[in-house]
Protein chains: 2
Amino acid sequence: MKPNVYAADCPTRRILDRVGDKWAVLILLLLREEPMRFNQLRRTIEGISQKMLSQVLKSLERDGLIKRRAIATVPVTVEYSITQLGVTLAGAVDPLRDWAEQNLKDVLAAQRRYDSQQKEEAA
Amino acid sequence: MKPNVYAADCPTRRILDRVGDKWAVLILLLLREEPMRFNQLRRTIEGISQKMLSQVLKSLERDGLIKRRAIATVPVTVEYSITQLGVTLAGAVDPLRDWAEQNLKDVLAAQRRYDSQQKEEAA
DNA sequence: GATATCTAGTTTCTATTAGTTACCAAAGAA
DNA sequence: TTCTTTGGTAACTAATAGAAACTAGATATC
């Protein structure tokens with residue numbers, strides 16, 4: 001009864017797409033360390049815009065992976081924290097991050113090989 | 001000496017982006033099962049266009065994750081197969097796929113909760 | 001002989017999405 | 001008075017994903 005991950009309508013693929021999100025995983029890993037506020041996240045993640053951050057936080061909350069808590073201070077404080085479900089997903093992402101760190105050199109070397117061969121063929 | 005995954009120029013993030021690619025992981029998992037030809041892949045992966053398939057195959061080859069082998073038949077046959085490096089990456093993706101399969105129900109439930117609450121607030 | 005088929009792509013164009021910039025309200029500080 | 005802070009939103013633009021048509025070269029069909 002294995003779901004067919006290659007079919008267009010496979011619900012598992014919807015989740016893989018979600019995880020594939022450029023910023024989502026980064027945010028999840030950060031919030032696993034400690035709860036954080038909106039602008040704190042923005043400053044930590046280089047290159048993310050307010051709009052994207054707001055958007056991704058909303059979708060992560062919708063998926064039940066993080067929690068949003070607004071505190072009535074002035075100006076208002078909004079704290080984001082990871083949920084139990086989010087922690088398990090972050091755990092599943094760890095092997096991937098480890099792989100990236102261990103194999104980065106090999107990938108870069110492969111890219112250089114490929115690029116120099118392409119240049120050769122063009123000449 | 002931990003790389004800062006949250007910095008814009010972190011090379012590890014380049015790889016996470018790569019893995020985050022919608023089709024790349026799907027193709028990698030397929031080729032781990034058995035080598036496949038271009039149109040065979042296209043038919044198996046529902047919803048992928050020829051352009052995207054061609055593009056993703058090229059970038060996977062560039063990263064040294066798959067191999068391309070053209071056989072001089074008529075019409076020409078091109079076989080794609082996974083490399084050793086690709087196998088290790090696919091292995092790191094497995095926990096993610098397992099997580100998706102196990103927790104899909106919870107995610108969908110969270111989405112329904114969120115959506116109905118939004119509708120309530122709008123009313 | 002003209003047309004259709006297979007292969008593995010590329011080209012062109014459009015729709016969607018990602019990202020940038022400017023702006024909002026409310027309150028405190030300079 | 002203007003500037004800064006909070007956590008966003010609205011409008012706009014750049015980048016990318018995807019749809020559809022086209023390519024080549026040889027073989028099969030009408």
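A, B, ... follow the sequence lines: proteins, then strands. Residue 1 opens every chain. Nothing here was measured: the structure is a model prediction, and the numbers come from that model.
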Heavy-atom side-chain contact between A/V93 and A/L28 under 4.5 Å: no

Check the distance between D/dT5's P and A/Q40's CD and give it to me in whole angstrom. 15 Å

Are any side-chain N or O atoms of A/T77 and backbone N or O atoms of A/I71, one a donor and one an acceptor, separated by less than 3.5 Å? no

What residues form a side-chain contact (heavy atoms from CB on, under 4.5 Å) with B/D98, not counting sequence neighbours? B/Q102

Suppose we screen for side-chain contact (heavy atoms from CB on, under 4.5 Å). Which residues come up paired with A/Q111, at least two apart in sequence or across chains? A/V107, A/L108, B/R62, B/D63

Could you list by number each residue of residues 58-66 of chain B showing a heavy-atom separation from DNA chain D of less than 4.0 Å, or answer none if no residue does? none

Please report how far the helix from C/dA8-D/dT23 to C/dA30-D/dT1 bends, comparing the axis fitted to its first five pairs with the axis fitted to its last five, to the nearest 10 degrees. 30°

Taking atom CD1 of B/I45 and atom CD of B/Q40, what is their separation to the nearest 0.5 Å? 10.5 Å

Nucleotides 3-7 of chain C: which of its N/O atoms have a protein N/O under 3.5 Å away?
unit_1	atom_1	unit_2	atom_2	d
C/dT7	O3'	B/R37	NH2	3.3
C/dT7	O3'	B/V76	O	3.3

Hey, does B/S59 have a side-chain heavy atom less than 4.5 Å from the side chain of B/R18? yes

Whole-Å distance, A/L41 CG to D/dG8 P, equals 11 Å

B/I71 CD1 - C/dA8 C1' separation (whole Å): 13 Å

Any ion pair linking B/R97 and B/D94 (charged N to carboxylate O, less than 4.0 Å)? yes

Measure the shortest side-chain to side-chain distance between A/L53 and A/I27 over non-hydrogen atoms and say whether it is less than 4.5 angstrom. yes

Can you check the A/Y80 OH to D/dG7 P distance for me, whole Å? 8 Å

After noting the C-alpha distance and the side-chain angles of A/L85 and B/W99, does the key distance pass the side-chain contact (heavy atoms from CB on, under 4.5 Å) rule? CA-CA 10 Å; A/L85 190 62; B/W99 186 93; 3.9 Å; yes

Whole-Å distance, B/L57 CG to C/dG9 C1', equals 11 Å

May I ask you to test the B/K58-A/Y114 pair for a side-chain heavy-atom distance under 4.5 Å? yes

Please determine whether side-chain contact (heavy atoms from CB on, under 4.5 Å) holds for the pair B/L26 and A/L16, giving the CA-CA distance in whole Å, both sets of side-chain angles, and the decisive distance to 0.1 Å. CA-CA 9 Å; B/L26 252 42; A/L16 280 179; 4.3 Å; yes

N or O in side chain of A/S54 less than 4.0 angstrom from D/dT9 OP1/OP2: yes

Atom pairs, protein N/O to nucleotides 11-20 of chain D N/O, distance under 3.5 Å:
unit_1	atom_1	unit_2	atom_2	d
D/dG18	OP1	B/K22	NZ	3.0
D/dG18	OP2	B/W23	NE1	2.8
D/dG18	N7	B/K51	NZ	2.8
D/dG18	O6	B/K51	NZ	2.5

Working note: A/N103 + B/L89, criterion side-chain contact (heavy atoms from CB on, under 4.5 Å); need CA distance, chi angles, decisive distance, verdict. CA-CA 9 Å; A/N103 298 98; B/L89 176 53; over 6 Å; no

Show, in sequence, the C-alpha distance, side-chain angles and deciding distance for A/L57 and A/L41, and conclude whether the side-chain contact (heavy atoms from CB on, under 4.5 Å) test is met. CA-CA 10 Å; A/L57 285 171; A/L41 282 165; 4.0 Å; yes

How many whole angstroms separate atom CE of A/M36 from atom P of D/dT6? 13 Å

